[in-house]
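Scroll down for the structure; my scribbles are underneath it.
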Amino acid sequence: MTELDSRPAASSAALAGTVSVLVALGLGVAVGDPIPVLTGLVGGLCIAAGAWALRSDDHTRIAGGSVAVVIGAAVICGTALLADDYWSLSVALGFSLGATLVVIDASSGLVPPADEPDELTKTLEENFVVLLVGIGVAIACGVAAAVRLPWVLVRVITGFSMHPLVGFVTLQAGFLFALLLLDRAAVVLESWIPAPTATTDRALDGLALVGTSWWDIDLPIKAAVGLQLLVAFVPTAQGLFDRFLATLPVLGPVLRVALSGPLHLPLAVGCLGLLGLLVAEQLRQWLLQWLGDSPGRSLARQAGGIAVPAVLLLNALVLTAAGVTRHVAPTFGNAGHYGSATVLLLGVLISVVALRALIRLLTGIARADLLSRRVTGFAAGSALLFGTTLVAAERGLAPLFVLVGCGAALLVWDGGVHASSIGYQLGRDAETTDSEFVHVTGTAAVLGGAILLVMLVRYVLIPMAVPTTATGLSFSSVVALGLVLLAIGAFTLALNAHDDGPRLSSDRGGQQGDPSANDGD
């Protein structure tokens with residue numbers, strides 16, 4: 001027997017989500033700022049789709065959900081760049097987030113039960129860390145591009161030269177350092193090979209024989225190398241070494257050239273390779289701890305934080321290599337693309353942090369039993385739609401649209417609560433379409449009657465009783481205030497009209513259920 005899917009009933013939940021999106025879209029266009037609202041709504045729907053995809057055991061689907069969540073956060077961040085002022089931004093974000101919370105609760109549930117993991121919050125937290133790493137890489141690439149690091153390295157390598165005595169002593173120290181690295185690198189390579197063959201065994205044994213630990217080096221050798229390092233930089237010792245090389249007419253010039261730098265380059269390459277091997281092993285150990293017991297699932301949750309910085313940095317690399325410049329300062333033209341990538345990643349990071357804080361706040365409210373976890377998204381989303389509609393009234397939204405918007409917000413809340421109650425008692429796929437239709441149409445009829453009543457008062461009674469509006473009086477404020485009072489009364493009528501609530505199915509005990517009886521889980 002499969003476990004009951006207690007998410008909101010599909011029909012009413014879909015209706016609530018659809019109404020919320022249509023309200024956000026329609027009022028956003030009507031208020032005169034369509035582009036920020038459309039942008040924020042697209043980002044919000046991406047987040048909702050990602051939250052839905054995270055409810056899965058398929059790693060590919062989880063990775064797609066993570067990418068959708070991060071991209072949605074980035075798109076919502078772009079809303080701030082498109083809004084003309086703070087009021088326009090508040091309207092755009094209010095409508096977008098309101099619809100997003102409703103759609104998340106309707107499709108996957110915003111606050112999971114206490115015994116289930118919160119995949120959306122975990123995804124946001126892990127992507128936060130990965131985005132921080134991406135920002136650090138972007139800053140490092142920006143600095144490297146600003147100072148032209150590749151050309152600097154070429155000039156350093158081609159112009160590298162030192163005194164022959166210093167080169168002779170540093171070669172000895174470098175070989176000792178390489179032997180120490182090789183001793184540890186052989187162990188790492190052996191751990192990386194799952195099933196070594198006879199050839200690999202012989203190679204690893206040879207590396208182990210060549211490599212040595214610090215304690216296996218004889219004390220006289222360490223003392224001799226240390227003493228030479230102290231003496232090599234003394235001018236008197238360098239002069240004596242020059243005189244020694246001058247006594248060798250054939251071998252002296254060869255040694256002078258060889259000890260001045262050419263022999264150090266292959267040694268440095270080998271030491272860097274061994275160091276890279278050890279660093280890779282440390283990163284592997286850190287990743288194993290970071291990814292936990294389920295590395296595939298953890299890596300899938302972090303896919304968005306990996307993909308977005310990778311795409312931005314790759315784009316910056318291609319543009320920089322192609323010679324396209326983006327000047328952010330007179331001396332940092334080469335770092336312009338990486339600077340833009342860093343700014344974009346910072347915006348995405350801020351959006352992720354804000355979204356995580358919002359979800360944690362709503363989760364805390366639900367955990368404190370101040371609001372049922374099953375209707376948290378519906379309640380918060382409809383409240384945002386309702387409040388943003390009143391804000392839009394001050395931005396010049398027509399009174400009729402204000403009435404319709406607030407009425408639709410109340411319809412969304414009532415439909416979401418009803419869908420959550422049915423889903424909790426009978427399951428998400430229960431055949432209760434007729435009951436849901438009666439409930440929703442009844443609520444819509446009551447709210448529609450309230451809207452008609454307000455319009456009748458506005459366009460018939462007010463002109464008859466008060467022909468002119470007082471000077472300086474904001475008519476939209478009056479309409480908004482009256483709307484709040486009428487909407488509360490209308491919703492009270494809606495609750496009374498459907499006080500009987502949904503019924504439990506006969507296969508679950510044959511008892512009648514009260515929607516609010518189990519509302520605190």
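The residues of the chain are indexed from 1 along the displayed sequence.
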Shortest non-hydrogen contact from Ile76 to Leu93? CG2-CD2, 3.8 Å

To check you understand the geometry: which heavy-atom pair defines the closest contact between Ser56 and Ile62, and what is its length? O-CD1, 3.3 Å

Option passing side-chain contact (heavy atoms from CB on, under 4.5 Å) with Val70 (candidates Asn127, Ile47, Thr123): Asn127

Rounded to the nearest 0.5 angstrom, the NE2-CG distance for His337 and Leu312 is 13.0 Å

Kindly compute the distance separating OG (Ser382) from CG (Asp105), expressed to the nearest 0.5 Å. 10.0 Å

Are the side chains of Val391 and Trp87 in touch, meaning some heavy atoms are under 4.5 Å apart? yes

Minimum-distance pair of heavy atoms, taken over all atoms of Val103 and Ala48: CG1-CB, 3.6 Å

Is it true that, when you exclude Ile35 itself, more than 12 heavy atoms of the residues, nucleotides or ligands shown sit nearer than 6.0 Å to its CD1? no

Looking only at heavy atoms, the pair that brings Thr389 and Cys406 closest together is CG2-SG, 3.7 Å

From CG (Leu384) to OG (Ser90), nearest 0.5 Å: 11.0 Å

Any side-chain donor-acceptor pair under 3.5 Å between Gln289 and Gln285? no

Does any non-hydrogen side-chain atom of Ser298 lie less than 4.5 Å from one of Arg301? yes

Point-to-point distance, once rounded to the nearest 0.5 Å, from CG of Leu313 to OG1 of Thr342: 7.5 Å

Could you check whether any side-chain heavy atom of Val37 comes within less than 4.5 Å of a side-chain heavy atom of Val29, counting everything from C-beta outward? no

Rounded to the nearest 0.5 Å, what separates atom OG in Ser66 from atom NE2 in His59? 13.0 Å

Arg367 atom CZ, over 12 foreign heavy atoms within 6.0 Å: yes

CZ/Phe378 to CG/Leu110 distance, rounded to the nearest 0.5 angstrom? 10.0 Å

Taking the side chain as every heavy atom from C-beta outward, state whether Val412 and Val23 have any atom pair closer than 4.5 Å. no

What pair of heavy atoms forms the shortest contact from Gly72 to Cys46, and how long is it? CA-CB, 3.7 Å

Kindly indicate whether the side chain of Leu390, heavy atoms from C-beta on, has any atom under 4.5 Å from the side chain of Phe386. yes

Looking at Glu125 and Lys122, is there a salt bridge between them, counting it only when a charged N and a carboxylate O are closer than 4.0 Å? no

Evaluate salt bridge (charged side-chain N to carboxylate O under 4.0 Å, His left out) for Glu119 paired with Arg55, printing each intermediate quantity in order. CA-CA 7 Å; Glu119 293 293 336; Arg55 286 179 53 95; over 6 Å; no

List the atom of Ala99, the atom of Ala24, and the distance in Å for their closest heavy-atom pair. CB-CB, 4.1 Å

